[in-house]
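Order of appearance sets the numbers: ligands from 1, and atoms from 1 within every ligand. Just the heavy atoms: all of them, side chains too, but no hydrogens, waters or symmetry mates, feed the values below.
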Amino acid sequence: MEQKLGVKIIGTGSYLPPKVLTNKDLEIMVDTSDEWIVTRTGIHERRIVDKNTSTSDIAVKAAREALKNADVDAEEIDAIIVATVTSDYVFPSTACLIQDKIGAVNAAAFDISAACSGFLYSLTIGVAFLKLQNFKKVMIIGAETLSKIADWEDRATCVLFGDGAGAVIIEASDNGSEFLDIFLGAEGNGWDLLSIPAGGSRTPTSIDTVNNKGHYIKMKGNELYKWAVKTMKNLIADSIQRAGITYDDVKYIIPHQVNIRIIDAALKRLKMADDKVVINLDKYGNTSAASIPIALDHLNCAGKINKGDILIFVAFGSGLTLASTIIKW
Ligand code: ACO
């Protein structure tokens, strides 16, 4: 999809659970150190839900913030698209639970499974919906409770992830706001670099899968690292070229908040300064599909985005999936 689309983000919202889990806390739980985690990832702390809180609970809070920010009633929303790998149930979708809780009675509702790229996949579907005249306002949510699928005895993975939710509302616009570039991709041959092996139709849940911890995140970190650096570099360079802009035109880059080393290495290869890059992984860790909308909402609520600003979003994750979007605010 390379054509320019008159689409505007009319509201943003986010929610981070109040409980902070610091690297020092993790030192007590697994054989790790604050120094190792900060040096290898840039993460200092992350937010974690309590055991009674699910993904839809935190998504609803982000959704309500977005409605308030956009000054829109829930009944006006025509579709809710939720990007998550931590849905409340295998089915029904988390989007349907949110639709019910916020009273968006006129909205279609469904989930998208594209892991860390899920928000940008969902945003693209939302933009396409707006091209169909009967969708006027679409809510896109990225929400994760990764603490529920992290193995808290595996130091190689549990230190990376956090919980949170972000939401945006989009509508068609003729005021100059537009999507300058949209790209979605997948490299399914890397499916086993990051997965939850059990609990699906390949290996249904059993006493054995639980005893073997097959219901937790499994990751080949070194291979992912190399792929992520190359992918992020290519996503930024290619999307800027397709949009017909230069790096000087860009106000902010909001990358998936994966790991500061991955982000720094990609920018270094592009010979781009890091002063345009929005980072919050130090405070929230990797929140998968939620990381970009949370960062966007914090920028927006701080009044740091002005009309006409150009923002680049880039994401990559399990699947493998990859995505980039350039918008003119
Ligand atoms: N604390 C202390 N030591 C640790 C920890 C920890 N939390 N985790 C691993 N180690 C140890 C390892 O056991 C290993 O020890 P050994 O040499 O005695 O065997 C040593 O540290 C080095 O391990 P590596 O895995 O080689 O460490 P690396 O420098 O590659 O960093 C990391 C690991 C941070 C996971 C890195 O590979 C990475 O960032 N990968 C990208 C994956 C990622 O971020 N995934 C998130 C989701 S993917 C996505 O969103 C695209």
Practice task
Answer yes when Asp151 and Lys213 have at least one side-chain N-carboxylate O distance shorter than 4.0 Å, and no when they do not.
Solution key: yes
* **Per-atom contact, atom 26 (O) of ligand 1, protein heavy atoms, under 4.0 angstrom** => yes
Within the 4.0 Å heavy-atom cut-off, what Phe316 brings close to ligand 1 is both
Note: Thr157, heavy atoms under 4.0 Å from ligand 1, region reported as neither
_Between Asp297 and Ser14 (side chain of the first, backbone of the second, donor and acceptor by atom type, cut-off under 3.5 Å), is there such a pair?_
yes
* Is the backbone of Ser56 close enough, under 3.5 Å, to the side chain of Asp88 for a donor and an acceptor to pair up by distance? -> yes
Does the protein place any heavy atom closer than 4.0 Å to atom 6 (C) of ligand 1? yes
Polar proximity ligand 1 side, Ser33 side, N/O cut 3.5 Å exclusive
no
Checking heavy atoms under 4.0 Å, the part of Ala228 that sits near ligand 1 is neither
At under 4.0 Å between heavy atoms, what of Val159 touches ligand 1? The answer is side chain
A student checking ligand 1 against His256 at a 4.0 Å heavy-atom cut-off should list atoms 50 (O)
Q) So, Lys218 and Asp154, do they make that salt bridge, N to O below 4.0 Å? A) no
So the atoms of ligand 1 within less than 4.0 Å of a heavy atom of Arg261 turn out to be 29 (O), 31 (O)
Numbered in order shown, the ligand 1 atoms found under 4.0 Å of a heavy atom of Gly317 are 51 (C)
Would you confirm whether any non-hydrogen atom of the protein falls under 4.0 Å from atom 19 (O) of ligand 1?
no
For Asn259, the atoms of ligand 1 under 4.0 Å from one of its heavy atoms are 34 (C), 38 (C), 39 (O)
- Message: Less than 6.0 angstrom from the centroid, inside 45 degrees of the normal: does Lys220 satisfy that with respect to the ring of Tyr225?
- Response: no
Does Thr41, backbone or side chain, put an N or O under 3.5 Å from an N or O of ligand 1?
-> no
Contact region, Val30 to ligand 1, non-hydrogen atoms below 4.0 Å, reads neither
At under 4.0 Å between heavy atoms, what of Asn222 touches ligand 1? The answer is both
Q. Looking just at side-chain N and O atoms, do Ser288 and Glu144 make a donor-acceptor pair shorter than 3.5 Å?
A. yes
Flag Arg40 as yes when one of its N or O atoms lies below 3.5 Å from any N or O atom of ligand 1, and as no otherwise. yes
Distance below 4.0 Å between atom 13 (O) of ligand 1 and any protein heavy atom? yes
| Does a side-chain N-to-carboxylate-O contact under 4.0 Å join Asp78 and Lys137? | no
If we number the atoms of ligand 1 from 1 as shown, the ones under 4.0 Å from a heavy atom of Val258 are 44 (O), 49 (C), 50 (O)
Near Cys116 (heavy-atom distance under 4.0 Å), the atoms of ligand 1 are 49 (C), 50 (O)
Salt-bridge test for Asp31 and Arg155: reply yes if a basic N is under 4.0 Å from a carboxylate O, no otherwise. yes
Main chain of Gly317, side chain of Trp227: is a donor-acceptor contact present, judged purely on distance under 3.5 Å? no
Take Tyr121 and Leu123 through the test side chain to side chain contact (heavy atoms under 4.5 Å, CB included) and record every step on the way to the result. CA-CA 6 Å; Tyr121 264 68; Leu123 188 60; over 6 Å; no
Taking only non-hydrogen atoms of Leu194 and a 4.0 Å limit, the atoms of ligand 1 in range are 47 (C), 48 (S)
(Q) Could you tell me if Asn175 and Ser173 have a donor-acceptor pair between their side chains, going purely by distance under 3.5 Å? (A) yes
Among Phe161, Trp36, Tyr225, closest by heavy atom to atom 33 (C) of ligand 1 is Trp36
A student checking ligand 1 against Met219 at a 4.0 Å heavy-atom cut-off should list atoms 35 (C), 42 (C), 43 (C), 45 (N), 46 (C)
Task: Pairwise side-chain contact, Asn69 with Leu67, heavy-atom cut-off 4.5 Å (strictly under) - done: no
Heavy-atom proximity to atom 40 (N) of ligand 1 ranks first, among Cys158, Ser117, Gly221, Ser288, for Gly221
Of Asn23, Thr22, Asn286, Asp163, the one forming a side-chain hydrogen bond (donor to acceptor under 3.5 Å, both in side chains) with Arg46 is Asn23
